[in-house]
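Below, chains carry the letters A, B, ... as their sequence lines are ordered, and counting in each starts from 1.
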Protein chains: 2
Amino acid sequence: MRINTRFAVAIHVLVLIELNKYKDISNTSEHLALSVNTNPVVIRRIIAMLKKANLITVKAGVGGASLKRPPQNISWLDIYHAVQSDDEFMLFNKHEHPNQNCYVGASIHEVIDEPLHIAQKTMEEKLSTFTLLDAITPIAKKNKIAL
Amino acid sequence: MRINTRFAVAIHVLVLIELNKYKDISNTSEHLALSVNTNPVVIRRIIAMLKKANLITVKAGVGGASLKRPPQNISWLDIYHAVQSDDEFMLFNKHEHPNQNCYVGASIHEVIDEPLHIAQKTMEEKLSTFTLLDAITPIAKKNKIAL
DNA sequence: ATTTGATGTAACTATTATTGTTACATCAAA
DNA sequence: TTTGATGTAACAATAATAGTTACATCAAAT
């Protein structure tokens, strides 16, 4: 199993929200969906998660999403966490009911918990070193957009 | 989405395979399934993956799986890779068809690829620092099994 | 050789999460 | 009041996992 596409789509959408300002393109879910190549409702769902995570503001009714913080202050970890559902704070899944009457089954969870948590944390810490600006800069450059 | 339970089950099974030697319990898929609390076929499928990855040998016909290398030479990354399907070498999924006619859609994949790959690699490198012995030792101690 | 009890594997089901889609109430600005 | 957007529920399609049944095959012991 792999991490869902919401994370990649969220980065894509946030880049658009920021750069579209320079191109006078309005950030409607329809416009964003065209670039991502999906249905507008898929975009709105992700927009809703980003809003809940306080990364963007959206004016309901009229098309207009914008970042709540400058892109250098939005880390990829912020974005990653924003689009994960609550039960996904654990990256690694475990079999739920190992046999407690078996000497291994009774202990296996506590034995593997910490290393798995450490591995996950390491990945998340690395994500936290990247910011939205890292995604925006090369695209702005290629399109001669002065930030 | 979370990483499937095969990884956790595989560690569980490998611990059993090694420690059952000291308890004169045979490593049939049925015994292993009892401890994991699942169907024997689920175990056989994971056993097949571990065999393919050269981590264990299994004598077909008669119940008897055993490690191919000492547990300190089997890393959690070895196990993790063993139970992932081929298309899962990428941890992070991406939306497959961003609009190539959009200035962002055309570049988003190449922009996010490297950071995602780095984050994944970091996690995998951390997994490679743990070995099967790390899971075996505390359980052996708790059960007074002298390794 | 035959029996026994295991593995190997195909095929099917159930469950679950994601993603896509339709529909519609609600909102904010012109 | 109209317009064109968001917010969200509800449902469908797809895909992966995990569980299950069934059975061919194998290897050792009798």
Side-chain angles (χ1 to χ4, degrees), chain A residues 1-10 12-13 17 20 25-53 56-66 83-99, chain B residues 1-10 12-13 17 20 25-34 36-52 56-66 83-99:
Chain A
M1 252 183 194
R2 298 152 82 184
I3 289 168
N4 60 44
T5 62
R6 288 199 298 266
F7 182 32
V9 172
H12 186 154
V13 164
I17 286 176
N20 275 348
I25 303 172
S26 74
N27 290 317
T28 66
S29 60
E30 198 164 347
H31 283 161
L32 299 174
L34 274 175
S35 175
V36 173
N37 206 350
T38 185
N39 191 291
V41 175
V42 173
I43 299 296
R44 284 183 223 147
R45 278 202 283 249
I46 288 170
I47 288 276
M49 295 175 111
L50 296 173
K51 207 171 74 170
K52 195 175 173 191
I56 60 174
T57 49
V58 183
K59 275 190 230 157
V62 54
S66 57
V83 297
Q84 301 308 117
S85 54
D86 294 338
D87 63 321
E88 281 168 334
F89 62 95
M90 289 301 286
L91 178 62
F92 297 96
N93 228 166
K94 284 172 301 204
H95 48 309
E96 289 194 331
H97 305 296
N99 185 347
Chain B
M1 253 184 196
R2 297 151 82 183
I3 290 169
N4 60 44
T5 62
R6 289 200 297 267
F7 182 32
V9 171
H12 187 154
V13 164
I17 286 176
N20 276 348
I25 302 172
S26 76
N27 291 316
T28 65
S29 59
E30 198 164 348
H31 282 161
L32 300 173
L34 273 175
V36 173
N37 207 350
T38 185
N39 191 290
V41 174
V42 173
I43 299 296
R44 283 183 223 148
R45 279 201 284 245
I46 288 170
I47 287 277
M49 296 176 111
L50 296 173
K51 207 170 76 169
K52 196 175 174 192
I56 60 173
T57 49
V58 183
K59 275 189 230 158
V62 56
S66 56
V83 296
Q84 300 307 119
S85 53
D86 294 338
D87 63 321
E88 282 168 333
F89 61 95
M90 290 300 287
L91 178 61
F92 296 96
N93 228 167
K94 283 171 301 203
H95 48 310
E96 289 194 331
H97 306 297
N99 185 347

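D:dA16 atom P lies 16 Å from atom CD1 of B:I3, rounded to whole Å. Remark: P of C:dT18 and CZ of A:F7 are 15 Å apart, rounded to the nearest angstrom. Between the CG atom of B:N93 and the C1' atom of D:dA16 there is a distance of 12 Å, rounded to whole Å. Protein atom CD1 of A:I17 is 10 Å distant from nucleotide atom P of D:dT6, rounded to whole Å. Between the P atom of C:dA6 and the NE2 atom of B:H31 lies a distance of 7 Å, rounded to the nearest Å. Distance B:M49 CE to D:dT17 P: 8 Å, rounded to the nearest Å. In this entry the distance linking NE2 of B:H95 with C1' of C:dG20 reads 15 Å, nearest Å. Separating the CG atom of B:N27 from the C1' atom of C:dT7 is a distance of 13 Å, rounded to the nearest angstrom.
Annotation: side chain of B:I43 is in contact with side chain of B:V36 (closest heavy-atom distance under 4.5 Å). Between A:P98 and B:N37 there is no side-chain heavy-atom pair separated by less than 4.5 Å. Counting only heavy atoms from C-beta outward, the side chains of A:N4 and A:Q84 approach each other to under 4.5 Å.
Residue A:R6 has a polar side-chain atom (N or O) positioned under 4.0 Å from OP1 or OP2 of C:dT18. Side-chain nitrogen and oxygen atoms of A:K51 include none within less than 4.0 Å of the OP1 or OP2 phosphate oxygen of D:dT6. Residue B:T28 has no polar side-chain atom (N or O) positioned under 4.0 Å from OP1 or OP2 of C:dA6. In terms of phosphate contacts, A:T5 brings a side-chain nitrogen or oxygen within less than 4.0 Å of OP1 or OP2 of C:dT19.
Side-chain atoms of B:R44 and base atoms of C:dT9 include a donor and an acceptor less than 3.5 Å apart.
Ranking D:dG19, C:dA23, C:dG20 by closeness to the B:V42 side chain, first place goes to D:dG19. When distances run from any side-chain atom of A:V58 to the nucleotides D:dT20, C:dT21, D:dT6, the shortest one goes to D:dT6. The side chain of A:R45 has C:dG20 as its nearest neighbour among C:dG20, C:dT7, D:dA9. Taking the side chain of B:N4 as heavy atoms from C-beta on, and the options D:dA18, C:dA29, C:dG8, the nearest nucleotide is D:dA18. Of all nucleotides listed (D:dT20, C:dT21, D:dT6), D:dT6 comes nearest to the side chain of A:S29.
Atom CG of A:N27 sits about 7.5 Å away from atom CD1 of A:I47, to the nearest 0.5 Å. Atom NE2 in A:H31 sits 13.5 Å away from atom CD1 in A:I17 (nearest 0.5 Å).
Each of B:A48 and B:S26 has a nearest nucleotide on DNA chain C; the 5'-most of these lies closest to B:S26.
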